[in-house]
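In what follows, a single structure is set out as structure tokens and then discussed.
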Amino acid sequence: MSAYLTSLRAIVTREALRFIHQRERFIAALVRPLIWLLVFAAGFRAALGLSIIPPYQTYITYETYIVPGLCGMILLFNGMQSSLSLVYDREMGSMKLLLTSPLPRWWLLFCKLLGSTIISVLQAYAFLAIAAAFGITMPAIGYVTVLPALVVAGVMLGALGLLLSSFIKQLENFAGVMNFVIFPMFFLSSALYPLWKMAESSKLLYTICALNPFTHAVELIRFALYASFNGPAFLWTVLVTIMFTAAALWGYNPARTGISRRG
Amino acid sequence: MTGLKVSNLSYHYGAKIALNEVSFELKTGEFCALLGPNGAGKSTLFNLLTRLFVSPNGHIEIAGHDLSRSPRKALAQLGIVFQQTTLDLDLTVRQNLSYFAALHGISGADATRRIDASLDRLGMLERADEKARTLNGGHKRRAEIARALIHNPMVLLLDEPTVGLDAAARASITSHVHDLTADGTTILWATHLTDEVRDDDRLIILHQAHILADGTARDISGKAPLQSRFLDLTAAPV
């Protein structure tokens with residue numbers, strides 16, 4: 001096996017082991033969207049009327065509408081969680097071990113990204129399975145076609161986490177990420193309400209939602225769950241992934257800044 | 001042959017100069033102690049030698065490979081023991097070493113053979129399947145040194161590896177690392193503790209970003225104990 005594949009396997013395995021060791025993280029990752037699905041959605045069902053919009057061909061319940069958004073939420077939180085663990089790794093020194101490997105830095109960071117995406121996708125599937133157990137199901141083929149969409153969206157949000165971790169110097173600063181990244185990204189998207197609803201309230205908010213890459217990740221997942229392909233959402237998600245990844249690689253460039261400022 | 005060559009290396013944190021025109025050369029199989037008080041620039045030098053930082057000024061050559069032009073070849077010849085413990089405490093010693101081996105593209109039976117040999121060399125083979133969390137400070141350090149040797153590096157860098165250890169563990173690790181020069185490994189050992197330096201060792205004293213002295217420990221200390229000579233040298237501003 002080449003050095004590249006050897007390192008890929010090792011980094012992905014380590015991410016998986018770390019995840020297994022943190023059982024609370026897995027439970028939290030599942031409980032959060034389930035509360036939204038089973039409590040929030042139940043309360044909101046009456047308040048929010050949904051018209052028939054693609055990819056849906058009939059009226060759907062609110063619970064069905066928010067499932068793709070909650071898959072996106074899992075990917076978003078996991079992307080931020082991996083960002084947090086990268087900052088932690090840097091504070092604890094184990095990031096140095098990774099970055100002093102003779103393999104190219106872009107490859108090592110890509111392996112990290114892929115490892116966290118695999119964990120995210122597995123969590124999203126666990127959520128879909130629990131939702132199905134509560135009677136909120138998708139077409140059978142949708143559970144297959146959603147896989148590439150979850151991977152693309154997971155990579156985009158993982159790349160965002162990587163980017164943030166290259167600029168956040170201390171763990172204490174991470175609380176800001178919750179306020180300034182996770183909440184705005186989630187609420188200013190089509191995860192909880194269709195964008196036409198937002199347009200009725202505010203054109204400005206609608207425009208922000210339409211530009212939010214998380215909206216496109218959610219729409220990509222929504223269409224894929226119904227075995228449909230949303231081209232614009234796919235292109236937007238891939239484009240933003242490239243931008244986030246390029247910026248993260250720049251952030252981790254040793255010529256730009258040191259990994260540790262302690263001299 | 002040169003193990004490690006540093007030429008005119010400088011580094012700044014904004015306006016603060018961390019290293020100023022530092023140059024030295026270590027022969028293959030040479031043990032060199034890099035002695036300096038806290039804040040002298042030792043860790044900055046290590047960050048540059050390991051390419052965690054890159055300086056626009058100066059050159060670094062590791063086992064004949066220029067670090068800026070051929071970083072992969074140079075880093076492949078470098079073993080590093082960082083000041084902080086970088087073991088994953090939830091993994092066993094062997095799992096930690098396997099992970100590191102994979103980062104150097106080593107896997108399978110070859111990795112197992114090298115890990116066993118490396119742990120054996122540091123007297124840690126019987127602890128291979130213990131979780132890193134259960135090891136004492138000295139054993140953690142030995143595991144990290146064993147890990148840094150898996151890929152048979154030509155140059156081994158150790159950044160204050162005995163910090164926080166008791167006297168017996170310090171003496172044991174210092175002795176183990178000195179022994180590594182027998183097979184041609186070049187060693188740069190950063191410390192601020194003079195009792196870790198032997199009379200025959202090459203010694204570089206770094207202070208306020210400059211090299212104050214470079215020679216054998218015996219020559220630099222003269223008739224005085226190294227400790228008092230070191231304190232004299234670093235008492236005066238550069």
Side-chain angles (χ1 to χ4, degrees), chain A residues 1-25 85-86 88-112 115 166 169 249-263, chain B residues 11 13-14 16 18-19 38-56 65 68 70-80 82-91 95-96 98-108 111 144 147-148 151 153 157 159 209:
Chain A
M1 200 193 293
S2 79
Y4 284 84
L5 290 179
T6 302
S7 60
L8 172 66
R9 195 181 63 178
I11 293 169
V12 170
T13 307
R14 188 167 181 268
E15 289 292 313
L17 280 176
R18 173 182 274 187
F19 182 69
I20 291 165
H21 289 147
Q22 299 172 341
R23 253 169 250 135
E24 307 79 17
R25 181 178 152 195
S85 72
L86 283 165
Y88 178 81
D89 275 359
R90 198 172 52 210
E91 291 217 334
M92 292 299 116
S94 49
M95 194 67 178
K96 288 180 176 176
L97 201 66
L98 185 76
L99 297 180
T100 51
S101 153
L103 290 166
R105 192 166 280 198
W106 65 264
W107 173 255
L108 299 164
L109 294 173
F110 169 77
C111 292
K112 272 273 194 193
S166 70
K169 296 298 170 209
L249 289 178
W250 179 77
Y252 272 98
N253 181 356
R256 187 188 73 85
T257 179
I259 273 301
S260 160
R261 285 268 171 197
R262 287 174 220 128
Chain B
Y11 198 79
Y13 295 115
K16 185 179 177 286
L19 279 182
N38 291 332
K42 300 189 298 292
S43 291
T44 302
L45 175 62
F46 269 60
N47 283 329
L48 289 165
L49 292 174
T50 52
R51 209 172 168 265
L52 289 170
F53 293 2
V54 170
S55 170
H65 303 289
S68 57
S70 314
R72 293 185 58 192
K73 283 182 181 165
L75 288 174
Q77 293 302 332
L78 197 62
I80 310 157
F82 295 103
Q83 197 177 96
Q84 276 174 296
T85 300
T86 55
L87 292 170
D88 189 329
L89 299 178
D90 291 322
L91 301 183
Q95 284 172 325
N96 267 290
S98 298
Y99 174 67
F100 177 83
L103 293 181
H104 281 256
I106 304 165
S107 63
E144 288 191 293
R147 182 178 65 185
H151 56 298
L157 306 180
D159 188 4

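Keep in mind it's a predicted model, so treat the numbers as computed, not measured. Convention: sequence-line order gives letters A, B, ...; per-chain numbering from 1.
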Original post:
Contact part of B:Leu48 toward chain A, heavy-atom cut-off under 4.5 Å: side chain, backbone, both or neither?
Top reply: neither
Original post:
Which answer fits B:Ser55, side chain, backbone, both or neither, if we ask what part of it has an atom under 4.5 Å from a heavy atom of chain A?
Top reply: neither
**OP:** Calculate, to the nearest 0.5 Å, the distance between atoms OG and NE2 belonging to A:Ser101 and B:His151 respectively.
**Re:** 9.5 Å
Subject >> Check against side-chain contact (heavy atoms from CB on, under 4.5 Å), B:Leu52 and A:Leu99 >> reply: CA-CA 7 Å; B:Leu52 289 170; A:Leu99 297 180; 3.9 Å; yes
Original post:
Is there side-chain contact between A:Lys96 and B:Asn47, with at least one heavy-atom pair below 4.5 Å?
Top reply: yes
**OP:** Please assess A:Ser7 against B:His104 for the test side-chain contact (heavy atoms from CB on, under 4.5 Å), listing each intermediate value before the final yes or no.
**Re:** CA-CA 7 Å; A:Ser7 60; B:His104 281 256; over 6 Å; no
Subject >> Interface moiety of B:Ala18 toward chain A, non-hydrogen atoms closer than 4.5 Å >> reply: neither
Subject >> Contact check, side chains of A:Leu98 and B:Leu103, non-hydrogen atoms, under 4.5 Å >> reply: yes
Subject >> Pair A:Arg18 + B:Asp90, salt bridge at N-O below 4.0 Å >> reply: no
Subject >> Main-chain N/O of A:Pro102 paired to B:Arg72 side chain as donor or acceptor, under 3.5 Å >> reply: yes
**OP:** Heavy-atom distances under 4.5 Å only: say whether A:Leu17 touches chain B with side chain, backbone, both or neither.
**Re:** side chain
Original post:
B:Phe100 versus chain A, heavy atoms under 4.5 Å apart: side chain, backbone, both or neither?
Top reply: side chain
Original post:
Using a cut-off of under 4.5 Å for heavy-atom pairs, which of A:Thr13, A:Leu108, A:Thr100 has the most such pairs with chain B?
Top reply: A:Thr100
Original post:
Given the rule in the side-chain contact (heavy atoms from CB on, under 4.5 Å) test, do B:Arg147 and A:Leu97 qualify, once you have shown the distances and angles that lead to the verdict?
Top reply: CA-CA 11 Å; B:Arg147 182 178 65 185; A:Leu97 201 66; 3.5 Å; yes
Subject >> For chain A, the option from B:Ala111, B:Ala102, B:Ala74 that forms the most heavy-atom pairs under 4.5 Å >> reply: B:Ala102
Original post:
Side chain, backbone, both or neither: which part of A:Ile11 has a heavy atom under 4.5 Å from chain B?
Top reply: both
